[in-house]
Amino acid sequence: MEQRAFGNTGLRVPVVGMGTWQTFDVRGSLVDRRRLVTDAVFETGATFVDSSPMYGEAESVLSQTLEGRRDRAIVATKIWTANDREAARQIARALEYFGGTIDVYQVHNLVACGKRLDQLERLKAEGVVRAIGLTHYSAQAFGDLRRAMEDPRVDVIQIPYNPQQRDVEASILPAAADRGLGVIVMRPFAEGSLLRKAVPAAALAPLAPFGITSWPQALLKWILSDPRCHVAIPATSSPEHLRINAAGGDPPWLGPDERAYVARLAR
Ligand SMILES: NC(=O)c1ccc[n+]([C@@H]2O[C@H](COP(=O)([O-])OP(=O)(O)OC[C@H]3O[C@@H](n4cnc5c(N)ncnc54)[C@H](OP(=O)(O)O)[C@@H]3O)[C@@H](O)[C@H]2O)c1
């Protein structure tokens with residue numbers, strides 16, 4: 001798995017990690033099943049994991065599956081509330097879940113961004129947060145995100161990027177590169193919809209020289225061939241899918257012609 005410098009954060013990240021929205025929002029015996037997915041995270045080196053208090057049980061379940069190995073993962077999570085007391089509760093819970101340190105702490109969907117950045121700045125000064133991030137999923141909010149990225153306290157952004165959702169190419173990715181921000185790519189498979197399309201093996205044959213043997217790998221390589229993107233975080237409930245996705249994290253990377261070809265296949 002390739003590792004990249006994560007903007008100017010001083011961290012290095014594996015280019016493929018894992019999201020937890022929906023997939024880790026489980027209870028009971030399913031928690032043990034998700035432990036197998038986290039086993040695959042460590043087996044493949046896809047050790048950048050992302051969660052949020054917005055994702056139901058996901059933060060808690062992720063922390064349970066990291067037990068005994070949290071130090072070997074890069075944990076990204078979020079604060080998601082306009083209420084100050086709830087924000088304090090979310091922070092206390094996350095620090096308890098993740099051994100007192102959050103590697104990348106993000107303001108989820110820019111909710112109460114100014115107040116949350118003040119809190120995250122204090123936590124970073126105390127040494128319990130290593131990098132501060134902002135996320136948004138919607139192109140309609142990219143104007144606000146673009147302005148918020150100018151705050152010098154921001155180290156990282158998390159944005160959607162895949163062959164069907166390319167809005168970040170206009171100004172978000174160029175600005176992130178200019179400012180030396182770390183870039184996390186959410187929704188690499190457009191919430192799975194890009195994978196519901198049947199792409200025949202013969203259509204992938206021209207991509208074989210790039211080590212691509214599956215459609216999910218082609219999509220991840222399409223993203224990661226843009227060096228402004230540092231880590232893509234596909235969510236999965238399947239150890240087998242995790243392994244397939246992790247294999248999209250090795251060079252060689254695609255050139256412009258192959259990227260255009262993958263984008264055509266995704267149409
Ligand atoms: N505002 C925000 O901050 C925000 C918003 C959205 C997302 N995110 C983050 O980004 C992460 C990723 O986005 P996402 O979860 O929306 O969508 P995604 O990663 O684009 O797609 C996830 C879906 O793809 C399927 N999948 C994954 N690997 C597969 C494979 N190899 N073969 C077949 N199916 C596969 C999964 O099903 P299986 O379980 O069957 O594998 C799941 O249904 C989230 O989990 C979350 O951590 C953040």
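For the numbers below, each heavy atom of this structure counts, side chains included, while hydrogens, waters and symmetry mates do not. Please read all numbers here as calculations on a predicted model, not as lab measurements. For ligands, and for the atoms within them, numbers begin at 1 and follow the listed sequence.
- In this structure, Tyr55 has its ring center under 6.0 Å from that of His108.
- Using a non-hydrogen distance threshold of 4.0 Å, Tyr55 registers as a contact of ligand 1.
- Polar contact check, Gly19 against ligand 1: no nitrogen or oxygen pair lies under 3.5 Å apart.
- Here ring pair (Phe, Tyr, Trp, His ring centres under 6.0 Å) pairs that include residues 130-182, with residues two or more places apart or in two chains, are Tyr161-Trp222.
- In this structure, atom 43 (O) of ligand 1 has its sub-4.0 angstrom surroundings free of protein heavy atoms.
- Residue-to-ligand polar distances place Arg187 within reach of ligand 1: an N/O pair is separated by less than 3.5 Å.
- Residue contacts with ligand 1: Ile244 is placed with no nitrogen or oxygen under 3.5 Å of a nitrogen or oxygen of the ligand (distance criterion only).
- Ligand 1 has no N or O atom lying under 3.5 Å from any N or O atom of Thr23, backbone or side chain.
- Partner of Val75 under the side-chain contact (heavy atoms from CB on, under 4.5 Å) criterion, chosen from Val49, Asp50, Thr101: Val49.
- When only interatomic distances are considered, the shortest N/O to N/O separation between Phe189 and ligand 1 falls below 3.5 Å.
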Give every donor-acceptor pair under 3.5 Å between a side-chain atom in residues 24-33 and any protein atom, sequence neighbours left out.
unit_1	atom_1	unit_2	atom_2	d
Asp25	OD1	Glu57	N	2.8
Arg27	NH2	Glu57	OE2	3.1
Asp32	OD1	Arg35	NH1	2.5

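- Distances from ligand 1 to the non-hydrogen atoms of Met18 include no value under 4.0 Å.
- Note: an N/O pair closer than 3.5 Å links Glu191 and ligand 1 by distance alone.
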